[in-house]
Every structure is written in structure tokens, then in C-alpha cells.
Number of protein chains: 2
Amino acid sequence: MADTPDSSRRTLETVSRACDIIKALEQLNGAGVTELANHLDLSKSSTHSYLATLQEKQLVVKNGNTYSLSLEFLYLGKTVRYQHILFQHGKDQTEELAEETGEFAHLMCEQHGLERNIYKVMGPNAIGNEYHTSKEQNPDYLHFTSAGKAVLAHLPEERLHEIVNRQGLISKTPNTITDIDTLNAELATIREQGYAVNDEEEIRGIRAVGAPICSPEGMVLGAVSVSGPTSRLSGEFYAETVPEKVVESANIIEANINMSTKKSQF
Amino acid sequence: MADTPDSSRRTLETVSRACDIIKALEQLNGAGVTELANHLDLSKSSTHSYLATLQEKQLVVKNGNTYSLSLEFLYLGKTVRYQHILFQHGKDQTEELAEETGEFAHLMCEQHGLERNIYKVMGPNAIGNEYHTSKEQNPDYLHFTSAGKAVLAHLPEERLHEIVNRQGLISKTPNTITDIDTLNAELATIREQGYAVNDEEEIRGIRAVGAPICSPEGMVLGAVSVSGPTSRLSGEFYAETVPEKVVESANIIEANINMSTKKSQF
DNA sequence: CATAATTGTTCCTATTTCGAGAACGGTGTC
DNA sequence: GACACCGTTCTCGAAATAGGAACAATTATG
């Protein structure tokens, strides 16, 4: 309707609209037909057809006059995670990393140019909410997290530029890298030392250290990271101990993947 | 495809096919265009269009020639759970129930005639895998779980028959109720005593006790249950202690919901 | 208590979109 | 180096969808 000037018309509008409806239902926490129709600039009758179809396919439930996403999404989400190669071979190690450092440990990968968390574990000292049961935040940009930068540093240059061009270098704190040259220099450093740091670049008072996880073929699959308050992530612990442990965890996960990929790729 | 003779045909085939593709991708753990096309009896070009659209909408990722569901589903699933009224007001109580009984505690609701788990907590004595990170099993039928029967017992009669007719009374163990009259008698008992039991009706060696959670208006919203091996769930513990605690938990969750709907809803 | 205003649902037809086969370009294999 | 396979693109006829309007059901309102 409004903006797909560059992309080829090889996509299905009906499917696209269905996706919009799913995302709108999530955002609105359920909605009625009229509300949705107004929100998405569709006719009531069309909106109704979409909802009826999604309901029949059990992706949507209807309570009274309110349509909401069904718990099928919880099931699908858990399956997606369970099937992910990084989860299968990195879950235990991420837990150990959280245990050893006492802080939050994250396992993530890049998807569509954004950071997607696969697994988060709260270490014994970790502050904040219980991540795994709280509201999930939106996906992060890659350039202001440690794990994200670790991934960016090992992406093919072409894809790096594609992502930067598409997502931009949004600023979140005074420390956020917003300049492409600074970023490139930082990524070179990361490649050299084998890990990345996030020094209050996303959230004031929060530091993090992340290391990339690569496939046997050398393609970056994702990263592990540890994050915590600057008060605890400082001095030698921040400069040496945590990086060592994070890099070690990444290496162990790589080894796990390596051992499991004896089978053919197809 | 074959079994919706009653429902009006007010649904969109394109959306329906998109849902099939999502489910196939989950089932196949990712697939190529040709593989998917064969699996769903679609042409390659059509399948490609669907996948391209889902990818553009970030519900699907492409790795090499393999398309898979993206981690957006994990995000959506967590949001759906987080937004669910039973999770918001029943999470803490479910955890407490697991702690007090030492066994698995479940929080569930009915969707599309099936049991959907909202939250599972492993108590200190609970055996088995860590549910919340393991592969999710498929949704259960309602008639052979304690929570499911607790819900069925408080559904409007019309809806009860609708569900039974649609889902049937599948047998999983010799103890499974497979007869409508037996089920009705059982549901009457459940209504009388306020809770339901599952005595090896789903899995041999596993018992469970469930109690319904109703809205202030008297509509059943779901149920909580405790499950464990017959060796531990026996005698007075099974006959009195656990039912008491389960019913108490259900009542507390109802009270939480009640209090939240009194104040301004937002 | 009756009327008005919403909301969800259904119906219908023109119009747009989708579907299928074939062809293209790229990759891996024998 | 030729062949087979896969993903992608193209084009046009065929079929599905979008939207307006009417209907039913529920709720708000005077």
C-alpha cells in the first residue's frame, strides 16, 4: 500500500497483511475487529476474514469479541529455540557462564540485522527481573551490545554494510558508537582481541563482554555475553577474568557444534 | 482440509496456506523451497512467494537455501504468555505450589478444545527434564488431565459437547475415560468436590490433581494442577494435602484476578 | 424501557492478486 | 566438462480477495 518501492513484487500481500495482523494483535494485546481494522486501515469485512482464518488455524483465539494470539505461539517459540543449533550446544555452557561470573549470561544470534536473544540466564549476583518469565524487550541493534559487536566483527564486510545501512547507528547513550569509521576501528580491535566489550553503550551503568561463536566453516553463528553493573564489572574482573571466561565459553560451544556436525549437511 | 464441514467458508486460503507453511517449517525444523513445496503440494514458485513474504516480515530466516522460523516466534510466545491474565496473576502462586508440594505445578487454559500450558514449574522433588527449556510437547486433550477435567467440569454444557464431539475421547492408558457418560459422572463429582484428579489416565505412573480458576463472572479461565509419580502422590498426601493446596492456589489466583479487575483496568 | 449507537458477521461483485509451468542462473556432482 | 538439482524470476489466465452495504446482536443512553 504505502512503501515497497525498492523490493521486487515477489511477495504476497495477503500473507503480508496476515503478518501485520499478528503483530498488531501482539502489540494491542488482543483487539476487536473494528479496532484492528482502523489500526491497519482495512475494511471490517476483510479484517474479519483474516481473523477467522487465523482462528481456524489456531493461531488466534476469540474471547467474547476480542481476538488475541493463541498460546500456540508459546509452543512455536519454544520449538524454535529448542531447534536452534546454538541453544542445543550452548545452553549448558551459558548456564555455567552465568554461574561462574555471577552475572547475566546471554546467548544470541543475528537475524534480519538485529540481535535476537536465544537464552538468558541469571547468575547468582544478577540484578533485575527474572528475564525468562518477564516481558521480552524488543530486539536490540547490534552496534551497541557486546555480543552484537562480536557478531558484526565477524560478518562478511558486505553484510556488515548492508546491516548498518539498513538499521543505522542509533544512539542510546553518550557512549554509543554512532560513526561508521569508529565502528570499523572497534570491530578491528574486536577481531584482534577475540572479544567485544560494551561500556555503557546501551544502558548507563551496564557493561558487558561478548565473544563470537563460529561454525566449523568459519561463519559467525552468534555470540555469548555477560552483562552486569559497572560497580561489579570493573578492574581486573572486567578487563581479564570475564573476557577469559566468555571467550572460553564461546570456544567450548564451538567445539560442541564441531563435534555434532559429523553428519552430512543435507 | 478435510474436517471442517460445519464452519462457514469465510476464510482466506492464502492465509491458511501461510499458516500451514509456518507449521511445516516448525515440524521439519526448516526446509528448502522444493522440499516444502512437495510436502504441502504446492508449486515451487508459490512456495517461494510465501517464504519470501514471511522472510520480509521477519517471521522466517533464510540460511543458505534453508528457510526456518525466526526467533520472532520466541518473542511473540513470551509476550503472549506475559499478557495472559492467568500468567500475570497466577505465576507466583504456581511457583509457590511447586515449592510447597515439591512436585511439578502447571498453569493452563483451554484453547480450541485442547489444553495449553501457560507455565510449568518444577518443584524440588520433581523428576524429569527441565520443562521450560526442553522441547514442548504437543497440546494435550482435556479429558485425561486433571486440569483439563477441572476446566471441562465448569464449561457451559454446550461447549463441553462441542469439544468432546470435535476431539473425541482418545485413550492413552487403560485408565483414560473414553465414555461420555463416565465423563459426565466424573465431571459432576469434580464440580461437587471442587477439584479433579488424574489417576494414571494420561501416563502410567503419573498422578495429578487440578483445580479450576474462574473469573469474577463465573466463567472458567483455566486451572492449576500438581503432578508427580504415584509413588509420591499417594495416601493422605494425594487424597487430602495436595487437593487442599491446589484448591487454595486456585482460590488465591481467583482473588488476585478479582482484585485487579476492581481497580481501573490498565 | 425504548431508542440509538456499536460491534461482529454475512453477502455480493468487480478487481486484484495469486498460482502454475517454464525458463534462467547458480552450485555441486559425477 | 556435462548433468542434475535447487532457488529464483517471469508471464498470464484463473481464482481469490477487498470493500461496501445490509443484518444481527449486544451495549449504551436518554
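Values below: all heavy atoms of this structure, side chains included; hydrogens, waters and symmetry mates excluded. Keep in mind that what you see is a predicted model, and the values were worked out from it rather than measured. In what follows, every chain begins at residue 1, and chains take the letters A, B, ... in the order their sequences are listed.
- Across the helix from C/dC1-D/dG30 to C/dC30-D/dG1, the helix axis at one end is tilted relative to the axis at the other end by 40° (nearest 10 degrees, each axis from five pairs).
- Here the CD atom belonging to B/Gln27 is positioned 5.0 Å from the NE2 atom belonging to B/His39, to the nearest 0.5 angstrom.
- B/Glu254 pairs by the side-chain hydrogen bond (donor to acceptor under 3.5 Å, both in side chains) definition with nothing, not counting sequence neighbours.
- When the nearest nucleotides of DNA chain C are assigned to B/Asp41 and A/Val33 by heavy-atom distance, the more 5′-ward of the two goes with A/Val33.
- Between B/Arg10 and D/dT17 there is no side-chain N or O to OP1 or OP2 distance below 4.0 Å.
- Side-chain contact, A/Ser70 with A/Gln58: no donor N or O sits under 3.5 Å from an acceptor N or O.
- Neither OP1 nor OP2 of C/dT17 sits under 4.0 Å from any side-chain N or O of B/Thr14.
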Shorter than 3.5 Å, N or O on both sides, protein versus nucleotides 21-27 of chain C: list them out with atom names.
unit_1, atom_1, unit_2, atom_2, d
C/dG21, O6, B/Ser45, OG, 3.0

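- Taking atom OH of A/Tyr50 as the reference point, atom C1' of C/dG8 lies 18 Å away to the nearest angstrom.
- Between the CD atom of B/Glu13 and the P atom of D/dA14 there is a distance of 17 Å, given to the nearest Å.
- Within the model, atoms CD of A/Glu110 and CG of A/Leu142 stand 6.0 Å from one another, a figure rounded to the nearest 0.5 Å.
- Remark: B/Arg17 is not in phosphate contact with C/dC18, judged by side-chain N or O atoms under 4.0 Å from OP1 or OP2.
- The side chain of A/His48 contributes no N or O atom lying less than 4.0 Å from OP1 or OP2 of C/dG8.
- Going from atom CD of B/Glu56 over to atom P of D/dT8 covers 14 Å, rounded to whole Å.
- In this structure, the CG atom of B/Leu12 is 13 Å from the P atom of C/dT10, given to the nearest Å.
- Taking atom NZ on A/Lys62 and atom C1' on C/dT7, their separation rounds to 10 Å, with Å as the unit.
- Residues from residues 65-72 of chain B that place a heavy atom under 4.0 Å from any atom of DNA chain D, listed by number: B/Asn65, B/Tyr67.
- A/Glu157 meets the side-chain hydrogen bond (donor to acceptor under 3.5 Å, both in side chains) test with no other residue; sequence neighbours excluded.
- Going from atom CG of A/Leu40 over to atom C1' of D/dA18 covers 14 Å, rounded to whole Å.
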Salt bridge (charged side-chain N to carboxylate O under 4.0 Å, His left out) for A/Asp140 and A/Arg116? Distances and angles first, verdict last. CA-CA 7 Å; A/Asp140 278 329; A/Arg116 286 287 186 183; over 6 Å; no
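- A donor-acceptor pair is defined here as one N or O able to donate and one able to accept, closer than 3.5 Å; such a pair exists between the side chain of B/Asn256 and the backbone of B/His89.
- As a whole-Å value, the separation of B/Leu42 CG from D/dG7 P is 14 Å.
- The CZ atom of A/Arg159 lies 13.0 Å from the NE2 atom of A/His161; values are rounded to the nearest 0.5 Å.
- At whole-Å resolution of the value, CG in B/Leu51 and P in D/dG7 are 9 Å apart.
- A search for side-chain contact (heavy atoms from CB on, under 4.5 Å) contacts involving A/Ala37 returns A/Lys44, A/Thr47, not counting sequence neighbours.
- Taking the six-membered ring where the residue is Trp, B/Tyr67 and B/His48 present perpendicular rings, their angle passing 60° and hence far from 30°.
- B/Tyr141 and B/Phe144 have perpendicular rings, their planes meeting at more than 60° on a 0 to 90° scale where under 30° would count as parallel.
- Defined by atom type and a distance below 3.5 Å, a donor-acceptor pair is missing between the side-chain atoms of B/Thr94 and B/His106.
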